Amino acid sequence: EVLESGPVKVEEMAKKKEFLDEEDLDKLEDRPPIVTIMGHVDHGKTTLLDYIRKSKVVASEAGGITQGIGAYQVIVQVDGNPHACVFLDTPGHEAFGAMRARGARVTDICIIVVSADDGVRPQTNEAIAHAKAAGVPIVIAINKIDKEGANAERVMQELSQIGLMPEAWGGDIPMIQISALNGEGVDELLETIILVAELQELKANPHRNAKGTVIEACLDKAKGSLATLVVQNGTLNKGDIVVCGEAFGKIRAMYDDGGKLIDKAGPSNAVQVIGLNNVPLAGDEFESVDNLDVARERANARAEALRIERISSKAGEGKVTLSSIAASVSSGKQVGIDTHELNIILKVDFQGSVEAIRQAIQVLPQENVSLRFLLQAPGDVSVSDVDLAVASEGIIFGFNVKAPGSVKSYAKKKSVEIRLYKVIYDLIDDLRNAMEGLLELAEEEVPIGSAKVRAVFSSGSGKVAGCMITTGKVVHDCNVRVLRKGKEVYMGTLDSLRRVKETVKEVGAGLECGIGVDDFDEWEEGDVVEAFNTVKKTRTLEEASASVTAALKDAGVQL
């Protein structure tokens, strides 16, 4: 019997993994805490980390994504003793749920930054949920207390309502008021972190093969595959052979958070390594093994499992969907049910950005225009991407990557569009515009006026209605609808309009005229003539989605 495992939820991704084995228990030594900073976008996470690191990374961020998941080691002085502490910075945009969950999974303590003038926001709630799912202690940093309109009491009140009771009010959650800009309260925050870490008694065995998690990976033009690893147990040495998911290789070089070459990294250290055969997925676990054959075998097994997963998810793409039902329901008779496909080639800076963008795109309704990602990979835009776009009539979207001049000119020659972005929201907006551009225009009626039939006259071979214009005006060649006792008996175009035997272009309210229509002469006194024009207007994705839903309901399809 085949049991299908369901997809992994973001909360599941946040669950902590235990990296200690039984044989480690005799050789355990203290290790530095790994601290993740989370919180809503623009609440001051990076500024806080920045103040702690005394270096500037904020200036280079274009409202984009915190570069990779930054991992930095800091020495904190408590009572004159130096304590090492590793900080992970996770992005705050709503799109990065999976990225934040990854941060929570490798962490020991979670700092949640809440702005004193903004209070608890959606991503604050999400960050708290991840921290709880991972079962890690939470420390709240109430930031921007030096700003006008800051109200720390209100923030504490809001947090207590969602189950985080401040220590000052008899609860168990430390809440420290800080200003990341001028450093007020930051020392107190760091001391609190070290105290919380001491209570946790964090241990690891440095005398064994390294194990840990990949927190970010990208493709560097000069260095090849680059992966940021957090060592959670054991020691990673230069020259070790490691397996990370479906990637494997011998570590040719290791860099610390300052970009310096190092030869070994103990528990709780974050390093960037070169030497893997391809880019691992962010969130993959890594382990150093004895030889390349073992590494290759494990990586291939993982690659095969992922391939099967991809095929099964792809198989769903061609199946019957709401949109294909809608297409058969309408069979071309109903306006507004058109289905299209937009092929996308997505190139990003870091592997983790792919899932971030994919999640952000989920908010766009896709009943009428479905998105097909033909390729999603880290690295700059290349000629082969352009060839793929030509073959599939796709658009290339690049996020925080470059397109060399030669590639741009090749794309221009092949009439392929390359769009590069630094800010995720611009990418989503443009994608929405591209999707809406594929939708058929909706026809909308604009009423001009109405008339009432007072008498019917014979005229040549047909009949003409003698009418009084009651509202607006009636124009030659406009569309007309004839209503009798509220029911429509005819719809067509007004062919002749006369006033006092003269042919006229239009007749206004309160005047009498003769109305003639070529293919209708069953006029009766008391008929109402409605005059209108039709205009074509663009539809939004939401409007198109609503018309599909309405059509399905009319057809009796249960939603």
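Since the model is a prediction, treat every value here as computed from it, not as a measurement.
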Quick one: [atom1] on [X] to [atom2] on [Y], what's the gap to the nearest 0.5 Å?
X      : Y      : atom1 : atom2 : result
Glu285 : Glu287 : CD    : CD    : 9.0 Å
Ile193 : Ile176 : CD1   : CD1   : 8.0 Å
Asn269 : Ile262 : CG    : CD1   : 6.5 Å
Asp240 : Asn209 : CG    : CG    : 7.0 Å
Phe399 : Leu427 : CZ    : CG    : 7.5 Å

Worksheet item: Do the side-chain N and O atoms of Thr213 and Gln232 include a donor-acceptor pair separated by under 3.5 angstrom?
Response: yes

Worksheet item: If you measure from the Lys or Arg side-chain nitrogens to the Asp or Glu carboxylate oxygens, is any gap between Arg31 and Glu29 under 4.0 Å?
Response: no

Fill in: Val279: side chain to side chain contact (heavy atoms under 4.5 Å, CB included) partners, not counting sequence neighbours
Ala217, Leu219, Ser225, Gln351, Pro378

Discussion item. Please enumerate all residues that pass ring pair (Phe, Tyr, Trp, His ring centres under 6.0 Å) together with Phe397, with sequence neighbours excluded.
Written reply: Tyr421

Discussion item. Are the side chains of Glu304 and Glu246 in contact, using a 4.5 Å heavy-atom criterion?
Written reply: no

Worksheet item: Can you check whether Asp380's main-chain N or O pairs, donor with acceptor, with Lys347's side chain at less than 3.5 Å?
Response: yes

Fill in: Side chain Thr235, main chain His207, donor-acceptor under 3.5 Å
no

Worksheet item: Taking it one step at a time, do Asn151 and Asp117 satisfy side-chain contact (heavy atoms from CB on, under 4.5 Å)?
Response: CA-CA 6 Å; Asn151 185 347; Asp117 63 340; over 6 Å; no

Response to the item:
Applied to residues 166-185, the side-chain hydrogen bond (donor to acceptor under 3.5 Å, both in side chains) test, sequence neighbours excluded, yields Asp146-Ser179, Asp146-Asn182, Ser179-Asn182

